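Keep in mind that this is a model prediction, so the values were computed, not measured.
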Amino acid sequence: MAEIKLHGFWYSPFTLRVVWTLNLKGIPYENIEEDRFNKSPQLLEYNPVHKKTPVLVHDGKPICESMIIVEYIDQIWPQNSLLPADPYDRAQARFWVKYIDDMFLAITAHFRTSGGEERVKARENIWERLKVVEDQCLDDQKKFYGGDTINIVDIALGSFVNFIKVQDRFEVKILQTERFPRLHLWFNKFKDVPVIKENTPNQEKLVAFLIPLTEKIKASS
């Protein structure tokens, strides 16, 4: 059995993508919890460029960046495949993963604004992007983006929506049910899949942890 280690933050949406993927495929691994403010020498050695989590270490070889890790796992362990077999469908899935990753940049910009008109414009930008995802990715005839089973786009989008739902506890609510009914319906199905539910941090625990962490990050920036 290959040795697999995961360096990450339990509260990180990017680490969560890898956790979900490993568990969906039934792959045992050693979880190594990192400290954002005191990263381990091993992490800095494995990811000397960005010095970020998550990092998957497979037989001593590190792989960085969450969706690259997800694709790597999918190629090495093909059971419960997350990427479509058809080349065109695979390209489309990668497009939407990239689009969702760009939304993380948009939500970061929103929370860094001081308020007023700038905050409103940032929020409207996120709403516009979420509307595109709802209209283009989510089909009433399909349970998930990948059909009846979870796909790589569901993994990427699920981590983003889960992150937004936690942030909505701090700020003006972004993921409004009446504005995005299809997105809410999809997420309710996604989060209730046993493997996803069992490996997603409790919302109350996340909120309690993130309030002081957010203040600490702001103070250190």
Review point. Are Leu43 and Tyr72 connected in the hydrophobic side-chain network, where two residues link if heavy atoms are under 4.5 Å apart?
Key: no
Which side-chain N or O atoms in residues 192-199 pair as donor and acceptor under 3.5 Å with protein atoms at least two apart or in another chain?
residue, atom, partner, partner atom, Å
Asn199, OD1, Asn23, ND2, 3.4
Asn199, ND2, Val195, O, 2.8

Review point. Between the side chains of Trp10 and Asn31, does any donor sit under 3.5 Å from an acceptor?
Key: no
Review point. His184 and Gln176: which non-hydrogen atoms are nearest, and at how many Å?
Key: NE2-C, 3.6 Å
Check your understanding: Angle class for the Tyr99/Trp96 ring planes (parallel below 30°, perpendicular above 60°, tilted otherwise)?
Key -> perpendicular
**Study point:** Heavy-atom closest pair, residues Val153 and Ala93
**Key:** CG2-O, 3.5 Å
Practice item. Answer yes or no: is there an ion pair linking Asp74 with Arg90, defined by an N-O contact shorter than 4.0 Å? Key: no
Practice item. Please work out whether the ring planes of His58 and Trp77 are parallel, tilted or perpendicular, with thresholds of 30° and 60°. Key: tilted
Check your understanding: Hey, are the side chains of Tyr46 and Lys5 touching, using non-hydrogen atoms and a 4.5 Å cut-off?
Key -> no
Exercise for review: Report the residue from Leu56, Ile73, Val18, Val19 that forms a side-chain contact (heavy atoms from CB on, under 4.5 Å) with Tyr29.
Suggested key: Val19
Review point. When Val55 is tested against each of Thr15, Asn47, Leu6, Ile69 for side-chain contact (heavy atoms from CB on, under 4.5 Å), which residue passes?
Key: Asn47
Exercise for review: Taking the six-membered ring of Trp127 (Phe, Tyr or Trp), confirm whether the NZ or CZ of Arg123 is under 6.0 Å from its centre and within 45° of its axis.
Suggested key: yes
Review point. For Leu22, does its backbone N or O pair with a side-chain atom of Lys25 as donor and acceptor, under 3.5 Å?
Key: no
Check your understanding: Taking a hydrophobic cluster as the set of Ile, Leu, Val, Met, Phe, Trp and Tyr residues connected by side-chain heavy atoms closer than 4.5 Å, whether directly or through intermediates, do Phe95 and Phe160 fall within one such cluster?
Key -> yes
Check your understanding: Do the side chain of Arg182 and the main chain of Leu138 share a donor and acceptor less than 3.5 angstrom apart?
Key -> yes
Point to revise | Mutual orientation of the aromatic rings belonging to Phe144 and Phe190 [parallel < 30°, tilted 30-60°, perpendicular > 60°] | key: perpendicular
